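From a predicted model like this one, the values you see are computed outputs, not experimental measurements. Computed from heavy atoms alone, side chains included, the values below leave out hydrogens, waters and symmetry copies.
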Amino acid sequence: AKSESMFREMTETIQEAFWLTDWITREVLYISPAYEEIYGQSCQSLYDDAKSWSYPIHPEDQESVREFYYSEAEKGNYDIEFRIIHPSGKIKWIKERAFPIFEDGVLVRMAGYSIDITDVKEKQERIDEQHQDLLHYQCMLLGTQLNPQFIFNSLNSIQYYILDKEKKPTLEFISNF
């Protein structure tokens, strides 16, 4: 009783949704309360319809997630990221992992967890956009350096420094290239 109480205490306070299903009957045996926050559906809805976790999956991701789940979960390879459409209308990114549980060599249950990784994905998207902007500006800068007028003026400056036998300013100018 104490270990069950501690387990419930843990799963009710963690932000990840933990779940356990009977692989043979496909019945949901347990879902932690975080499921409601992540998916925007009641735990009871999942107990009533074990497939209801897949209903909010973004239409572009639905087929690949289902196929991947049923082909890879049994092997212990189910580790996937996909989008859902939350009842609020917001698109959320979910990371899910599943772990097979065998008894006498037979797969009997599947344990797993779901995490809302929307914030991580949005931050990564902003980093990617900033990286693209940086590349764009670097290309623009390179384009100005390859400008014939820029090259001509630079060569004239180098020639001027060399003809005046000023090695130090010449080396400084070249090193700034």
Side-chain angles (χ1 to χ4, degrees), residues 1-140:
K2 184 175 180 173
S3 62
E4 184 178 326
S5 173
M6 289 179 7
F7 173 77
R8 287 211 181 272
E9 187 176 271
M10 178 188 70
T11 60
E12 289 174 2
T13 57
I14 293 177
Q15 294 177 350
E16 292 81 6
F18 291 93
W19 44 267
L20 182 66
T21 59
D22 183 308
W23 191 250
I24 297 164
T25 65
R26 303 289 197 239
E27 176 186 2
V28 175
L29 303 173
Y30 177 79
I31 183 70
S32 67
Y35 174 80
E36 294 182 358
E37 179 68 29
I38 294 172
Y39 279 84
Q41 299 180 34
S42 71
C43 292
Q44 189 58 50
S45 70
L46 191 60
Y47 288 121
D48 294 342
D49 179 0
K51 292 182 181 178
S52 66
W53 70 273
S54 67
Y55 301 155
I57 295 175
H58 193 284
E60 294 175 10
D61 298 346
Q62 278 185 1
E63 187 175 330
S64 61
V65 171
R66 284 188 190 129
E67 285 178 13
F68 191 73
Y69 180 75
Y70 288 112
S71 69
E72 299 301 318
E74 291 183 33
K75 302 173 197 170
N77 296 333
Y78 184 74
D79 185 349
I80 190 169
E81 295 176 1
F82 56 89
R83 297 166 293 169
I84 65 167
I85 302 173
H86 193 269
S88 67
K90 181 180 180 185
I91 294 180
K92 288 185 169 188
W93 278 93
I94 306 299
K95 176 176 179 61
E96 240 179 34
R97 291 205 59 201
F99 307 91
I101 299 169
F102 296 91
E103 287 181 6
D104 299 323
V106 177
L107 176 60
V108 291
R109 285 180 297 287
M110 190 69 63
Y113 64 86
S114 302
I115 306 171
D116 180 350
I117 59 167
T118 305
D119 289 344
V120 173
K121 285 289 195 177
E122 288 173 351
K123 286 176 185 170
Q124 185 60 50
E125 189 175 302
R126 284 193 299 275
I127 289 169
D128 291 346
E129 287 171 2
Q130 290 171 343
H131 186 256
Q132 287 299 319
D133 288 346
L134 180 61
L135 287 176
H136 172 74
Y137 293 129
Q138 287 174 334
C139 287
M140 285 177 51

Item checked: For Y55, ring-ring contact (aromatic ring centres under 6.0 Å, His included) partners two or more places apart -> none
Item checked: Donor-acceptor contact below 3.5 Å, side chain Q62 vs main chain I57 -> yes
Notebook entry, point to check: What residues, two or more places apart in sequence or in another chain, satisfy side-chain contact (heavy atoms from CB on, under 4.5 Å) together with E63?
Noted result: E67
Item checked: Non-hydrogen atoms of I38 and I115 that approach each other most closely -> CD1-CA, 4.3 Å
Margin query: When you compare the side chain of S114 with that of W53, does any pair of heavy atoms fall below 4.5 Å?
Written below: no
Check: Would you call K75 and E72 a salt bridge, using N to O less than 4.0 angstrom?
Finding: yes
Margin query: If I compare all heavy atoms of N77 with all of F68, which pair ends up nearest, and what's the gap?
Written below: O-CZ, 3.6 Å
Next item on the list: Verify side-chain contact (heavy atoms from CB on, under 4.5 Å) between Y78 and V65, making sure each step is shown before the conclusion.
Entry: CA-CA 10 Å; Y78 184 74; V65 171; 3.9 Å; yes
Notebook entry, point to check: Does Y47 have any side-chain contact (heavy atoms from CB on, under 4.5 Å) partners at least two apart in sequence or in another chain, and if so, which?
Noted result: V28, Y30, I31, C43, Q44
Next item on the list: Taking side-chain contact (heavy atoms from CB on, under 4.5 Å) as the test, write out the residues that go with S88, two or more places apart.
Entry: H86, K90
Item checked: Under 3.5 Å side-chain donor-acceptor pair for Q124 and D128 -> yes
Next item on the list: Applying side-chain hydrogen bond (donor to acceptor under 3.5 Å, both in side chains), name anything that partners K2, two or more places apart in sequence or on another chain.
Entry: none
Checklist line | Least distance between heavy atoms, G40 atom then P87 atom | finding: O-CG, 3.3 Å
Notebook entry, point to check: What's the spacing between I80 CD1 and E96 CD if we round to 0.5 Å?
Noted result: 8.0 Å
Note to self: If I compare all heavy atoms of K92 with all of E37, which pair ends up nearest, and what's the gap?
What the structure shows: NZ-O, 3.0 Å
Note to self: Could you report the tightest heavy-atom contact between A98 and Y69, atom names first, then the distance?
What the structure shows: CB-CE1, 4.5 Å
Next item on the list: Give, for atom CZ of F82 and atom OG of S64, the distance between the pair rounded to the nearest 0.5 Å.
Entry: 9.5 Å
Notebook entry, point to check: If we only count heavy atoms from C-beta on, is the R83 to T118 side-chain gap below 4.5 Å?
Noted result: no
Next item on the list: Determine whether the side chains of E36 and S42 contain a donor N or O and an acceptor N or O closer than 3.5 Å.
Entry: no
Next item on the list: Over all heavy atoms of both residues, which pair between S52 and S45 is shortest? Give the atoms and the distance, please.
Entry: OG-O, 3.3 Å
Next item on the list: For atom CD of E122, decide whether the heavy atoms of other residues, nucleotides or ligands shown that lie under 6.0 angstrom number more than 12.
Entry: yes
Note to self: Could you check whether any side-chain heavy atom of I85 comes within less than 4.5 Å of a side-chain heavy atom of P59, counting everything from C-beta outward?
What the structure shows: yes
Margin query: Between L46 and Q41, is there a side-chain heavy-atom distance shorter than 4.5 Å?
Written below: no
Identify each donor-acceptor pair in which a side-chain atom of residues 15-24 lies under 3.5 Å from a protein atom, sequence neighbours left out, and give them as a table.
unit_1, atom_1, unit_2, atom_2, d
D22, OD1, I24, N, 2.8
D22, OD1, T25, N, 2.9
D22, OD1, T25, OG1, 3.4

